[in-house]
Amino acid sequence: MTDIRQIKNTSVYPSETTSVWRITFAPLVWALHFAISYGATALVCAKGGQVGALRLGLGGVTAVALLAIIWLAWRAWRHWDIVRDRDWENDAGTNEDRHQFLGHAAFLLAIISFIGVAYVSLPPLLIQTCQ
Amino acid sequence: MYPIFTIVHRTRRSFLSLGRTALHWCKWTFRRRAWFILPALFLVSACEGRQSVLDPSGADARRLYDLALVLFVGAAVLWLLVGGLFVYVTRINPRAMSRRAAEALIIGGGVIFPVVLLGGLLIYSLPLMSAQRSAPDGMRIHVTAEQWWWRVEYELPDGSRVTSANELRLPVGQRTGLVLNAQNVIHALWIPALGGKADMIPGRETYLSFLPEKVGIFRGQCAEFCGASHALMAFEAVTMTPDAFAEWLDAQAKDALVPETPAAIRGAEVFAREGCGACHTVRGTPATGLVGPDLTHVGGRVSLGAGILGVTIDDFANWLGHTDALKPEVDMPTYDFLSQDDLIALAAYLEGLK
(Lines give C-alpha, C1' and ligand atoms only; values in the text may rest on other atoms or scores of the structure.)
Protein backbone atom coordinates (compact mmCIF):
# COMPACT_ATOMS: atom_id res chain seq x y z
CA MET A 1 0.00 0.00 0.00
CA THR A 2 1.28 3.41 -0.93
CA ASP A 3 1.04 5.98 1.80
CA ILE A 4 -0.79 9.00 0.46
CA ARG A 5 1.91 11.25 1.91
CA GLN A 6 4.46 9.66 -0.42
CA ILE A 7 2.64 10.75 -3.55
CA LYS A 8 4.78 13.48 -5.02
CA ASN A 9 2.54 15.58 -7.22
CA THR A 10 0.02 16.88 -4.66
CA SER A 11 0.99 20.43 -5.53
CA VAL A 12 -0.68 20.19 -8.93
CA TYR A 13 -3.98 21.00 -7.23
CA PRO A 14 -2.93 23.11 -4.27
CA SER A 15 -6.45 23.35 -2.83
CA GLU A 16 -6.55 19.56 -2.42
CA THR A 17 -5.97 19.33 1.34
CA THR A 18 -8.45 22.12 2.11
CA SER A 19 -11.17 20.74 -0.12
CA VAL A 20 -11.45 17.61 2.04
CA TRP A 21 -12.54 19.95 4.77
CA ARG A 22 -14.67 21.94 2.39
CA ILE A 23 -17.11 19.10 1.71
CA THR A 24 -18.13 19.25 5.38
CA PHE A 25 -18.99 22.97 5.31
CA ALA A 26 -22.54 22.73 3.92
CA PRO A 27 -23.63 19.97 6.37
CA LEU A 28 -21.94 22.02 9.11
CA VAL A 29 -24.12 25.03 8.24
CA TRP A 30 -27.15 22.71 8.33
CA ALA A 31 -26.10 21.36 11.75
CA LEU A 32 -25.56 24.87 13.13
CA HIS A 33 -28.94 26.04 11.80
CA PHE A 34 -30.58 22.96 13.33
CA ALA A 35 -28.95 23.49 16.74
CA ILE A 36 -29.77 27.22 16.79
CA SER A 37 -33.40 26.60 15.72
CA TYR A 38 -34.09 23.92 18.32
CA GLY A 39 -32.07 25.54 21.10
CA ALA A 40 -33.57 29.03 20.67
CA THR A 41 -37.13 27.66 20.39
CA ALA A 42 -36.74 25.53 23.52
CA LEU A 43 -35.30 28.46 25.47
CA VAL A 44 -37.82 31.07 24.36
CA CYS A 45 -40.82 28.76 24.85
CA ALA A 46 -39.64 27.54 28.29
CA LYS A 47 -38.92 31.08 29.52
CA GLY A 48 -42.09 32.55 28.00
CA GLY A 49 -40.23 34.98 25.71
CA GLN A 50 -41.32 36.83 22.57
CA VAL A 51 -42.44 34.26 20.00
CA GLY A 52 -42.68 36.92 17.27
CA ALA A 53 -39.07 37.98 17.79
CA LEU A 54 -38.00 34.33 17.84
CA ARG A 55 -39.68 33.62 14.50
CA LEU A 56 -38.16 36.72 12.97
CA GLY A 57 -34.71 35.84 14.29
CA LEU A 58 -34.96 32.26 13.03
CA GLY A 59 -36.07 33.63 9.65
CA GLY A 60 -32.87 35.70 9.53
CA VAL A 61 -30.69 32.75 10.57
CA THR A 62 -32.39 30.63 7.89
CA ALA A 63 -31.76 33.25 5.19
CA VAL A 64 -28.06 33.47 6.14
CA ALA A 65 -27.74 29.67 6.23
CA LEU A 66 -29.41 29.23 2.83
CA LEU A 67 -27.22 31.94 1.23
CA ALA A 68 -24.10 30.34 2.73
CA ILE A 69 -25.11 26.93 1.36
CA ILE A 70 -25.85 28.38 -2.09
CA TRP A 71 -22.41 29.98 -2.11
CA LEU A 72 -20.76 26.70 -1.03
CA ALA A 73 -22.75 24.83 -3.69
CA TRP A 74 -21.54 27.28 -6.34
CA ARG A 75 -17.92 26.80 -5.23
CA ALA A 76 -18.36 23.02 -5.29
CA TRP A 77 -19.98 23.16 -8.74
CA ARG A 78 -16.94 25.00 -10.11
CA HIS A 79 -14.73 22.49 -8.35
CA TRP A 80 -16.54 19.50 -9.86
CA ASP A 81 -16.10 21.10 -13.30
CA ILE A 82 -18.80 19.00 -14.94
CA VAL A 83 -19.72 21.60 -17.58
CA ARG A 84 -16.22 21.82 -19.07
CA ASP A 85 -15.13 18.19 -19.28
CA ARG A 86 -18.47 16.27 -19.03
CA ASP A 87 -16.64 13.77 -16.86
CA TRP A 88 -19.23 12.13 -14.56
CA GLU A 89 -17.06 9.37 -13.23
CA ASN A 90 -14.02 10.61 -11.38
CA ASP A 91 -12.69 7.20 -10.39
CA ALA A 92 -9.26 7.04 -12.00
CA GLY A 93 -7.36 7.84 -8.79
CA THR A 94 -5.50 10.75 -10.37
CA ASN A 95 -5.21 14.07 -8.62
CA GLU A 96 -7.59 15.66 -11.09
CA ASP A 97 -10.19 12.99 -10.47
CA ARG A 98 -9.77 13.24 -6.72
CA HIS A 99 -10.17 16.98 -6.98
CA GLN A 100 -13.32 16.77 -9.10
CA PHE A 101 -14.80 13.95 -7.04
CA LEU A 102 -14.55 16.08 -3.90
CA GLY A 103 -16.31 18.89 -5.74
CA HIS A 104 -19.04 16.48 -6.82
CA ALA A 105 -19.51 15.17 -3.27
CA ALA A 106 -19.52 18.69 -1.82
CA PHE A 107 -22.14 19.77 -4.36
CA LEU A 108 -24.47 16.87 -3.52
CA LEU A 109 -23.99 17.49 0.22
CA ALA A 110 -24.86 21.16 -0.35
CA ILE A 111 -28.12 20.13 -2.02
CA ILE A 112 -29.18 17.90 0.87
CA SER A 113 -28.11 20.57 3.36
CA PHE A 114 -30.24 23.13 1.55
CA ILE A 115 -33.28 20.81 1.76
CA GLY A 116 -32.55 20.10 5.44
CA VAL A 117 -32.36 23.80 6.34
CA ALA A 118 -35.51 24.57 4.33
CA TYR A 119 -37.50 21.79 6.09
CA VAL A 120 -36.25 22.75 9.57
CA SER A 121 -37.33 26.35 8.90
CA LEU A 122 -40.93 25.34 8.12
CA PRO A 123 -42.27 24.83 11.71
CA PRO A 124 -41.36 28.37 12.93
CA LEU A 125 -42.73 29.71 9.65
CA LEU A 126 -46.08 27.89 9.88
CA ILE A 127 -46.67 27.57 13.64
CA GLN A 128 -47.35 30.88 15.35
CA THR A 129 -47.22 29.86 19.01
CA CYS A 130 -45.23 27.66 21.37
CA GLN A 131 -48.26 25.37 21.73
CA MET B 1 -22.18 -15.36 6.16
CA TYR B 2 -23.79 -15.31 2.75
CA PRO B 3 -21.73 -13.96 -0.09
CA ILE B 4 -23.30 -10.69 -1.21
CA PHE B 5 -24.07 -12.18 -4.62
CA THR B 6 -26.34 -14.83 -3.07
CA ILE B 7 -28.22 -12.19 -1.12
CA VAL B 8 -28.75 -10.03 -4.19
CA HIS B 9 -29.80 -13.05 -6.20
CA ARG B 10 -32.27 -14.22 -3.57
CA THR B 11 -33.72 -10.76 -3.13
CA ARG B 12 -34.22 -10.48 -6.85
CA ARG B 13 -35.87 -13.89 -6.97
CA SER B 14 -38.25 -13.05 -4.13
CA PHE B 15 -39.19 -9.80 -5.87
CA LEU B 16 -39.93 -11.74 -9.05
CA SER B 17 -42.16 -14.20 -7.21
CA LEU B 18 -43.98 -11.20 -5.69
CA GLY B 19 -44.59 -9.90 -9.18
CA ARG B 20 -45.95 -13.28 -10.27
CA THR B 21 -48.33 -13.30 -7.30
CA ALA B 22 -49.58 -9.86 -8.25
CA LEU B 23 -50.22 -10.96 -11.84
CA HIS B 24 -51.99 -14.08 -10.61
CA TRP B 25 -54.28 -11.91 -8.47
CA CYS B 26 -55.13 -9.74 -11.47
CA LYS B 27 -56.11 -12.82 -13.47
CA TRP B 28 -58.63 -13.94 -10.88
CA THR B 29 -62.23 -13.58 -11.87
CA PHE B 30 -64.36 -11.08 -10.03
CA ARG B 31 -66.56 -13.87 -8.70
CA ARG B 32 -63.63 -15.40 -6.86
CA ARG B 33 -62.37 -12.06 -5.60
CA ALA B 34 -65.83 -11.18 -4.29
CA TRP B 35 -65.34 -13.73 -1.52
CA PHE B 36 -62.54 -11.51 -0.22
CA ILE B 37 -64.09 -8.13 -0.95
CA LEU B 38 -67.52 -8.70 0.60
CA PRO B 39 -66.23 -9.51 4.11
CA ALA B 40 -64.00 -6.43 3.82
CA LEU B 41 -67.14 -4.32 3.30
CA PHE B 42 -68.51 -5.63 6.60
CA LEU B 43 -65.26 -4.53 8.30
CA VAL B 44 -65.79 -1.03 6.90
CA SER B 45 -69.08 -0.78 8.79
CA ALA B 46 -67.02 -1.20 12.00
CA CYS B 47 -65.51 2.24 11.33
CA GLU B 48 -68.61 3.95 12.69
CA GLY B 49 -69.06 4.49 16.38
CA ARG B 50 -68.48 6.76 19.33
CA GLN B 51 -64.82 5.90 19.76
CA SER B 52 -63.71 6.05 16.16
CA VAL B 53 -61.29 8.40 14.41
CA LEU B 54 -63.07 7.39 11.19
CA ASP B 55 -66.37 8.85 12.39
CA PRO B 56 -65.38 12.43 13.35
CA SER B 57 -67.84 14.55 15.34
CA GLY B 58 -65.58 17.50 16.13
CA ALA B 59 -63.75 20.08 14.00
CA ASP B 60 -60.33 18.82 15.14
CA ALA B 61 -61.15 15.16 14.55
CA ARG B 62 -62.40 16.11 11.09
CA ARG B 63 -59.08 17.80 10.26
CA LEU B 64 -57.18 14.74 11.44
CA TYR B 65 -59.50 12.49 9.45
CA ASP B 66 -58.85 14.54 6.29
CA LEU B 67 -55.10 14.36 6.96
CA ALA B 68 -55.29 10.58 7.38
CA LEU B 69 -57.34 10.26 4.19
CA VAL B 70 -54.90 12.39 2.17
CA LEU B 71 -51.94 10.40 3.49
CA PHE B 72 -53.60 7.04 2.95
CA VAL B 73 -54.80 7.76 -0.58
CA GLY B 74 -51.44 9.34 -1.40
CA ALA B 75 -49.59 6.31 -0.07
CA ALA B 76 -51.86 3.99 -2.07
CA VAL B 77 -51.23 5.96 -5.29
CA LEU B 78 -47.47 5.91 -4.63
CA TRP B 79 -47.57 2.19 -3.94
CA LEU B 80 -49.41 1.56 -7.20
CA LEU B 81 -46.95 3.76 -9.12
CA VAL B 82 -43.88 2.03 -7.69
CA GLY B 83 -45.50 -1.38 -8.10
CA GLY B 84 -46.46 -0.54 -11.68
CA LEU B 85 -42.95 0.64 -12.43
CA PHE B 86 -41.64 -2.58 -10.96
CA VAL B 87 -43.89 -4.72 -13.13
CA TYR B 88 -42.85 -2.59 -16.11
CA VAL B 89 -39.11 -3.07 -15.67
CA THR B 90 -39.29 -6.76 -14.74
CA ARG B 91 -42.12 -8.02 -16.97
CA ILE B 92 -43.15 -5.63 -19.71
CA ASN B 93 -39.83 -4.09 -20.68
CA PRO B 94 -36.97 -5.93 -18.93
CA ARG B 95 -34.23 -4.51 -21.21
CA ALA B 96 -31.48 -2.21 -20.00
CA MET B 97 -32.49 1.46 -19.83
CA SER B 98 -30.47 4.23 -21.41
CA ARG B 99 -28.24 6.07 -19.00
CA ARG B 100 -30.21 9.26 -19.61
CA ALA B 101 -33.56 7.61 -18.75
CA ALA B 102 -32.13 5.91 -15.68
CA GLU B 103 -30.66 9.15 -14.38
CA ALA B 104 -33.88 11.02 -15.06
CA LEU B 105 -35.72 8.34 -13.08
CA ILE B 106 -33.29 8.41 -10.15
CA ILE B 107 -32.94 12.19 -9.91
CA GLY B 108 -36.57 12.91 -10.78
CA GLY B 109 -38.25 10.06 -8.88
CA GLY B 110 -35.67 9.66 -6.13
CA VAL B 111 -34.76 13.26 -5.31
CA ILE B 112 -37.00 15.96 -6.79
CA PHE B 113 -40.36 14.19 -6.43
CA PRO B 114 -39.96 13.19 -2.74
CA VAL B 115 -38.55 16.62 -1.81
CA VAL B 116 -41.50 18.43 -3.39
CA LEU B 117 -44.05 15.91 -2.05
CA LEU B 118 -42.69 15.90 1.53
CA GLY B 119 -42.36 19.69 1.43
CA GLY B 120 -46.01 19.98 0.37
CA LEU B 121 -47.11 17.56 3.10
CA LEU B 122 -45.13 19.51 5.72
CA ILE B 123 -46.74 22.79 4.65
CA TYR B 124 -50.20 21.14 4.75
CA SER B 125 -49.82 19.24 8.03
CA LEU B 126 -47.69 21.48 10.27
CA PRO B 127 -50.45 24.05 10.91
CA LEU B 128 -52.72 21.15 11.99
CA MET B 129 -50.45 20.53 15.00
CA SER B 130 -50.99 23.92 16.58
CA ALA B 131 -54.66 23.94 15.56
CA GLN B 132 -55.21 21.03 17.96
CA ARG B 133 -54.22 23.42 20.75
CA SER B 134 -56.06 26.56 19.59
CA ALA B 135 -57.04 29.01 22.31
CA PRO B 136 -60.59 28.39 23.62
CA ASP B 137 -63.45 30.79 22.96
CA GLY B 138 -65.54 29.05 25.62
CA MET B 139 -64.55 27.78 29.04
CA ARG B 140 -61.43 26.03 30.31
CA ILE B 141 -61.61 22.64 31.97
CA HIS B 142 -58.79 21.31 34.16
CA VAL B 143 -58.33 17.55 33.87
CA THR B 144 -55.92 15.70 36.16
CA ALA B 145 -55.20 12.04 35.46
CA GLU B 146 -55.00 9.74 38.48
CA GLN B 147 -54.47 5.99 38.75
CA TRP B 148 -56.99 5.14 37.19
CA TRP B 149 -59.54 7.89 36.94
CA TRP B 150 -59.94 11.51 35.84
CA ARG B 151 -60.32 14.54 38.13
CA VAL B 152 -62.33 17.12 36.16
CA GLU B 153 -62.71 20.76 37.20
CA TYR B 154 -64.78 23.28 35.22
CA GLU B 155 -63.37 26.80 35.53
CA LEU B 156 -66.13 29.38 35.90
CA PRO B 157 -65.70 32.99 34.65
CA ASP B 158 -65.02 34.17 38.24
CA GLY B 159 -62.13 31.71 38.53
CA SER B 160 -63.88 29.30 40.91
CA ARG B 161 -64.08 25.64 39.92
CA VAL B 162 -66.85 23.05 39.81
CA THR B 163 -65.43 19.61 40.52
CA SER B 164 -66.57 16.40 38.89
CA ALA B 165 -64.89 13.18 37.77
CA ASN B 166 -64.65 10.59 35.03
CA GLU B 167 -66.84 12.47 32.61
CA LEU B 168 -66.30 15.43 30.33
CA ARG B 169 -69.21 17.64 29.31
CA LEU B 170 -68.64 19.97 26.38
CA PRO B 171 -70.91 22.55 24.72
CA VAL B 172 -71.40 22.07 20.96
CA GLY B 173 -70.20 24.89 18.68
CA GLN B 174 -67.75 26.36 21.21
CA ARG B 175 -64.05 25.71 21.48
CA THR B 176 -63.37 24.42 24.99
CA GLY B 177 -59.80 24.37 26.30
CA LEU B 178 -58.45 21.51 28.37
CA VAL B 179 -55.61 22.15 30.82
CA LEU B 180 -54.07 18.75 31.45
CA ASN B 181 -51.97 17.45 34.30
CA ALA B 182 -51.22 14.12 35.98
CA GLN B 183 -50.88 13.08 39.59
CA ASN B 184 -48.34 10.27 39.61
CA VAL B 185 -47.39 8.76 36.25
CA ILE B 186 -47.74 9.82 32.62
CA HIS B 187 -51.20 9.38 31.11
CA ALA B 188 -52.72 10.65 27.86
CA LEU B 189 -56.16 11.97 27.03
CA TRP B 190 -57.80 10.91 23.80
CA ILE B 191 -61.37 11.25 22.52
CA PRO B 192 -60.91 9.85 18.99
CA ALA B 193 -64.25 11.13 17.68
CA LEU B 194 -63.64 14.70 18.89
CA GLY B 195 -60.00 15.54 18.33
CA GLY B 196 -56.32 15.03 18.98
CA LYS B 197 -54.45 13.30 21.75
CA ALA B 198 -52.23 14.87 24.41
CA ASP B 199 -49.86 13.49 27.03
CA MET B 200 -50.59 14.26 30.66
CA ILE B 201 -47.32 14.64 32.53
CA PRO B 202 -46.86 14.99 36.32
CA GLY B 203 -45.70 18.50 37.18
CA ARG B 204 -46.22 19.90 33.71
CA GLU B 205 -49.31 21.48 32.13
CA THR B 206 -50.23 20.47 28.61
CA TYR B 207 -53.12 21.78 26.53
CA LEU B 208 -55.71 20.46 24.12
CA SER B 209 -58.91 21.95 22.82
CA PHE B 210 -62.09 20.60 21.29
CA LEU B 211 -64.76 22.08 19.07
CA PRO B 212 -67.59 19.48 19.08
CA GLU B 213 -70.00 19.62 16.15
CA LYS B 214 -72.66 17.12 17.18
CA VAL B 215 -74.67 16.40 20.31
CA GLY B 216 -73.85 12.92 21.53
CA ILE B 217 -71.97 10.70 23.96
CA PHE B 218 -68.46 9.78 22.87
CA ARG B 219 -65.90 7.61 24.52
CA GLY B 220 -62.49 8.71 25.65
CA GLN B 221 -59.61 6.58 26.77
CA CYS B 222 -56.27 6.92 28.52
CA ALA B 223 -53.83 6.47 25.65
CA GLU B 224 -50.54 6.04 27.51
CA PHE B 225 -49.82 2.93 29.56
CA CYS B 226 -50.19 3.99 33.20
CA GLY B 227 -50.28 0.78 35.25
CA ALA B 228 -52.33 -2.35 35.92
CA SER B 229 -55.74 -0.86 35.12
CA HIS B 230 -54.67 1.37 32.23
CA ALA B 231 -57.09 -0.34 29.86
CA LEU B 232 -59.89 0.32 32.38
CA MET B 233 -59.22 4.05 32.50
CA ALA B 234 -61.83 5.41 30.13
CA PHE B 235 -64.48 8.12 30.35
CA GLU B 236 -67.54 9.44 28.60
CA ALA B 237 -67.48 12.77 26.75
CA VAL B 238 -70.99 14.19 26.61
CA THR B 239 -71.52 16.99 24.08
CA MET B 240 -74.57 19.19 24.73
CA THR B 241 -76.25 22.27 23.30
CA PRO B 242 -74.84 25.42 25.00
CA ASP B 243 -78.15 25.96 26.86
CA ALA B 244 -78.32 22.40 28.16
CA PHE B 245 -74.65 22.63 29.14
CA ALA B 246 -75.19 25.86 31.12
CA GLU B 247 -78.16 24.28 32.90
CA TRP B 248 -76.16 21.15 33.67
CA LEU B 249 -73.21 23.17 35.02
CA ASP B 250 -75.53 25.15 37.31
CA ALA B 251 -76.86 21.89 38.73
CA GLN B 252 -73.33 20.50 39.14
CA ALA B 253 -72.29 23.55 41.16
CA LYS B 254 -75.03 22.85 43.71
CA ASP B 255 -74.61 20.66 46.80
CA ALA B 256 -75.64 17.02 46.79
CA LEU B 257 -79.30 16.04 46.98
CA VAL B 258 -80.48 14.99 50.44
CA PRO B 259 -81.45 11.28 50.49
CA GLU B 260 -85.21 10.72 50.75
CA THR B 261 -86.02 7.00 50.43
CA PRO B 262 -85.45 4.80 53.53
CA ALA B 263 -82.81 2.76 51.66
CA ALA B 264 -80.92 5.88 50.60
CA ILE B 265 -81.07 7.36 54.14
CA ARG B 266 -79.63 4.10 55.51
CA GLY B 267 -77.02 4.20 52.71
CA ALA B 268 -75.92 7.68 53.78
CA GLU B 269 -75.40 6.31 57.31
CA VAL B 270 -73.30 3.43 55.95
CA PHE B 271 -71.30 5.95 53.87
CA ALA B 272 -70.50 7.98 57.02
CA ARG B 273 -69.90 4.91 59.23
CA GLU B 274 -67.46 3.25 56.80
CA GLY B 275 -65.42 6.44 56.47
CA CYS B 276 -65.99 6.89 52.74
CA GLY B 277 -65.72 10.65 53.30
CA ALA B 278 -62.02 10.32 54.09
CA CYS B 279 -61.37 9.84 50.38
CA HIS B 280 -64.51 11.14 48.67
CA THR B 281 -66.27 14.49 48.71
CA VAL B 282 -70.05 14.76 48.74
CA ARG B 283 -70.62 18.52 48.87
CA GLY B 284 -73.14 19.58 51.52
CA THR B 285 -72.17 16.66 53.80
CA PRO B 286 -69.21 16.14 56.16
CA ALA B 287 -67.52 14.04 53.44
CA THR B 288 -64.68 16.21 52.10
CA GLY B 289 -61.95 13.73 51.10
CA LEU B 290 -59.88 14.61 48.03
CA VAL B 291 -58.11 11.29 47.40
CA GLY B 292 -60.81 9.73 45.22
CA PRO B 293 -63.38 11.05 42.76
CA ASP B 294 -65.91 13.69 43.84
CA LEU B 295 -69.25 11.88 44.34
CA THR B 296 -71.55 14.89 44.76
CA HIS B 297 -73.49 14.07 41.60
CA VAL B 298 -72.16 10.58 40.83
CA GLY B 299 -75.64 9.15 40.17
CA GLY B 300 -76.18 11.68 37.38
CA ARG B 301 -73.18 10.57 35.37
CA VAL B 302 -73.24 8.28 32.36
CA SER B 303 -70.72 5.79 33.69
CA LEU B 304 -69.12 4.50 36.89
CA GLY B 305 -65.53 3.49 37.66
CA ALA B 306 -64.07 5.60 34.82
CA GLY B 307 -66.13 4.31 31.94
CA ILE B 308 -66.41 0.64 32.88
CA LEU B 309 -69.91 0.31 34.40
CA GLY B 310 -73.36 1.93 34.09
CA VAL B 311 -74.98 3.85 36.96
CA THR B 312 -77.85 1.60 38.09
CA ILE B 313 -78.11 0.48 41.73
CA ASP B 314 -76.85 -2.95 40.61
CA ASP B 315 -73.79 -1.33 39.03
CA PHE B 316 -72.98 0.56 42.25
CA ALA B 317 -73.42 -2.61 44.34
CA ASN B 318 -71.26 -4.56 41.89
CA TRP B 319 -68.53 -1.89 42.04
CA LEU B 320 -68.55 -1.64 45.86
CA GLY B 321 -68.51 -5.42 46.35
CA HIS B 322 -65.90 -6.27 43.67
CA THR B 323 -63.78 -3.15 43.34
CA ASP B 324 -60.41 -4.82 43.00
CA ALA B 325 -61.74 -7.48 40.63
CA LEU B 326 -63.26 -4.81 38.37
CA LYS B 327 -60.21 -2.56 38.51
CA PRO B 328 -57.04 -4.47 39.53
CA GLU B 329 -54.65 -2.71 41.94
CA VAL B 330 -56.99 0.23 42.47
CA ASP B 331 -56.43 2.15 45.73
CA MET B 332 -60.09 1.95 46.79
CA PRO B 333 -60.75 -1.01 49.14
CA THR B 334 -63.33 -3.65 48.24
CA TYR B 335 -66.40 -3.43 50.51
CA ASP B 336 -67.30 -7.12 50.27
CA PHE B 337 -67.46 -7.37 54.08
CA LEU B 338 -70.64 -5.24 54.20
CA SER B 339 -73.92 -7.07 54.71
CA GLN B 340 -75.97 -7.41 51.53
CA ASP B 341 -78.57 -4.96 52.94
CA ASP B 342 -75.91 -2.34 53.77
CA LEU B 343 -74.33 -2.78 50.33
CA ILE B 344 -77.63 -2.28 48.50
CA ALA B 345 -78.49 0.70 50.73
CA LEU B 346 -75.11 2.32 50.01
CA ALA B 347 -75.65 1.68 46.30
CA ALA B 348 -79.12 3.25 46.51
CA TYR B 349 -77.69 6.34 48.24
CA LEU B 350 -74.98 6.82 45.60
CA GLU B 351 -77.35 6.15 42.72
CA GLY B 352 -79.66 8.85 44.15
CA LEU B 353 -76.89 11.51 44.05
CA LYS B 354 -78.14 12.88 40.74
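Lettering of chains follows the sequences in order, A, B, ..., and the numbering in each one begins at 1. Hydrogens, waters and symmetry mates play no part in the numbers below; they use all other heavy atoms, side chains included. Just so it is clear, the model here is predicted, and its values are computed rather than measured.
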Checklist entry - Counting heavy-atom pairs under 4.5 Å to chain B, which of A/Ile127, A/Ile112, A/Ile111 comes out on top? => result A/Ile127
Next on the checklist: Using heavy-atom distances under 4.5 Å, tell me whether A/Ile115 contacts chain B through its side chain, its backbone, both, or neither.
Outcome noted: side chain
Item to check | Heavy atoms of other groups near A/Phe101 CZ, more than 12 under 6.0 Å | outcome: no
Checklist entry - Rounded to the nearest 0.5 Å, how far apart are CE of B/Met129 and CG of A/Leu126? => result 11.0 Å
Checklist entry - Is A/Tyr119 reaching over with its side chain to a backbone N or O of B/Leu122, donor-acceptor style, under 3.5 angstrom? => result no
Item to check | Shortest non-hydrogen contact from A/Pro123 toward B/Leu126 | outcome: N-CD1, 3.7 Å
Checklist entry - Is B/Tyr88 atom OH crowded by more than 12 heavy atoms from other residues, nucleotides or ligands, each under 6.0 Å away? => result no
Checklist entry - Under a 4.5 Å heavy-atom cutoff, which of B/Ala131, B/Ala135, B/Ser130, B/Ser134 has the most pairs with chain A? => result B/Ser130
